[in-house]
Peer 1: 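Would you mind keeping the following structure in view while I ask a few things?
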There are 2 protein chains.
Amino acid sequence: MSEMTQTPSSLAPSEARPYHHGDLSRALVEAARRILETEGPAALSLRAVAREAGVSPAAPYHHFKDKGELLDAVAHEGWHALDAALTEARAKSVDSKERMTSLGVAYVCFARDNPALYRVMYDCSRDKDALPDQMKEEGAYCQVRNTIDERSGGTASPIDLELATIAAWCAGHGLAEMISFKQFAPLKEALGGEEAFLRGVFEHLGMFAKLDQA
Amino acid sequence: MSEMTQTPSSLAPSEARPYHHGDLSRALVEAARRILETEGPAALSLRAVAREAGVSPAAPYHHFKDKGELLDAVAHEGWHALDAALTEARAKSVDSKERMTSLGVAYVCFARDNPALYRVMYDCSRDKDALPDQMKEEGAYCQVRNTIDERSGGTASPIDLELATIAAWCAGHGLAEMISFKQFAPLKEALGGEEAFLRGVFEHLGMFAKLDQA
DNA sequence: CATCTATCTGAACGACGTCAAGATGAATCT
DNA sequence: AGATTCATCTTGACGTCGTTCAGATAGATG
């Protein structure tokens, strides 16, 4: 009960209201993201999403078990967008020593540029006490692990590799949640901009201090 | 308009309903913490707090501007409790090289043991885009900075000291938010317990990698 | 004592998440 | 084709929430 109802016969793939009254699952998720971007997470009610999609307050319940499941779908898209951002950052940085820092900066910038989406992503994760399953095998988390593995020349033990990945991930998440805290403003200015500040913080995190000893 | 109305004449310091109908500000915060611990953050409505304190749903508005201000008061208590936990941890660890890791472990354990309270603390901070002001001068943040400063022998530049503190704080917060994620369970088991896991992660964060070079 | 003022109650408003009953219309089956 | 089936959407309702306001209550003050 996920992706049936493809465009019925002869209609544009994803615009207008093609079906019965529309390809709602998708329209709802898009409406939710629109609300998130323009009005923030506080305004993201199920009724507002339905309103934005031009449908009655009860309509979403034919596509999502409850509000949480809609948010899960939004979060899912968010993780994909984060994957893409990290992939791009990884491709851009040629220096393998800098690559890790670049990944971190890209991660935090994603959160800074999509604060509401990032918040939904982590709120969903906390509700389930777990990161999305896909991440362990091919997602953003895996990109971080691979980058660390490359940097260490593939010599790190599986446990050390995992610990280092977790350490890096936690640092990135923590910084992502606090990047816009007012207290950091003077330091950002002193360092000549937010990116420099980010690099500064990440360079103090010796993700490889232990791996390099081996 | 904060702390007047101490116990009126002859009554136990904090039980029953001593005053007009009670020392509400305090009673409400206590009721809120009780609800947080027993039913979690989702159950923490203003009405539920009033109910728990035995007053009408409108009563809290004579002591707090709105729900957010009540939560601020709860968060304020939370930060004090965190301060205490860190102070204790800092006193216990004699080895200055281990002290930083001990602080980190204590921080995350506090979050693990008071998950709902910790969540309220950071939700409030995010709403204001700032950590509590007191922290910069004498709170938990300051303890972390001092510990780093001691460890580096007081030789770190102010900027490096600040960057290292932020890095450590972000890592601690990130780990605190994810410590109970299911994906980490196998690794915890492999390392022989949650504390060992925490130490493992923190030891991969070379908060001093850069400071030690100087 | 009367009065003042902080505190609390009761009732109400709009918004929320959710559900049950009914309407609607595309798809399927003779 | 027409009848039927079934997913989809609407209407209306329920209980809860945050918040406000007019009025009751009872310490504190004169």
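Per chain, numbering begins at 1; letters A, B, ... match sequence-line order. Computed from a prediction, not measured in an experiment: that's the story for all the values here.
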Peer 1: Salt bridge or not between B/Arg90 and B/Glu150? Use side-chain N to carboxylate O under 4.0 Å.
Peer 2: yes
Peer 1: Whole angstroms only, please: what is the NE2-C1' distance between A/His62 and C/dG22?
Peer 2: 11 Å
Peer 1: Rounding to an integer number of Å, can you tell me how far B/Leu28 CG sits from C/dC8 P?
Peer 2: 8 Å
Peer 1: Is the number of heavy atoms from other residues, nucleotides or ligands under 6.0 Å of B/Glu98 CD greater than 12?
Peer 2: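 Enclosed.
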Peer 1: Expressed in angstrom and rounded to an integer, what is the separation of A/Ile35 atom CD1 from C/dA15 atom C1'?
Peer 2: 14 Å
Peer 1: With B/Phe197, which residues qualify under ring pair (Phe, Tyr, Trp, His ring centres under 6.0 Å), at least two apart?
Peer 2: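 Applying ring pair (Phe, Tyr, Trp, His ring centres under 6.0 Å) to B/Phe197 gives B/Phe184.
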Peer 1: Looking at B/His63, does any N or O in its side chain come under 4.0 Å of the phosphate oxygens OP1/OP2 on C/dA6?
Peer 2: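 B/His63 to C/dA6 OP1/OP2: no side-chain N or O under 4.0 Å.
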Peer 1: Only counting residues at least two apart or in another chain, list the ones meeting ring pair (Phe, Tyr, Trp, His ring centres under 6.0 Å) with A/Tyr141.
Peer 2: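 A/Tyr141 satisfies ring pair (Phe, Tyr, Trp, His ring centres under 6.0 Å) with A/Trp169 only.
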Peer 1: Quick one: which protein N/O atoms are closer than 3.5 Å to N/O atoms of nucleotides 15-19 of chain D? Pair and distance per line, please.
Peer 2:
from   : atom 1 : to      : atom 2 : distance (Å)
D/dC17 : OP1    : B/Ser45 : OG     : 3.1
D/dC17 : OP2    : B/Arg51 : NH2    : 2.7
D/dG18 : OP1    : B/Leu46 : N      : 2.8
D/dG18 : OP1    : B/Lys67 : NZ     : 3.2
D/dG18 : OP2    : B/Leu46 : N      : 2.9
D/dG18 : OP2    : B/Arg47 : N      : 3.1
D/dG18 : N7     : B/Arg47 : NH1    : 2.4
D/dG18 : O6     : B/Arg47 : NH1    : 2.8
D/dT19 : OP2    : B/Tyr61 : OH     : 2.9
D/dT19 : OP2    : B/Lys67 : N      : 3.0
D/dT19 : O5'    : B/Tyr61 : OH     : 3.1
D/dT19 : O4     : B/Arg47 : NH1    : 3.4

Peer 1: Just verifying a value: how many Å separate B/Ile166 CD1 and B/His173 NE2, rounded to the nearest 0.5 Å?
Peer 2: 14.0 Å
Peer 1: Given atom CG of A/Leu24 and atom C1' of D/dC9, what is their separation to the nearest angstrom?
Peer 2: 8 Å
Peer 1: For the residue pair A/Thr101 and A/Glu203, confirm or rule out a side-chain donor-acceptor distance under 3.5 Å.
Peer 2: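 No, A/Glu203 and A/Thr101 have no side-chain donor paired with an acceptor closer than 3.5 Å.
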Peer 1: Between B/Asp23 (CG) and C/dA6 (P), how many Å, whole number?
Peer 2: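 Taking atom P of C/dA6 as the reference, CG of B/Asp23 is at 17 Å.
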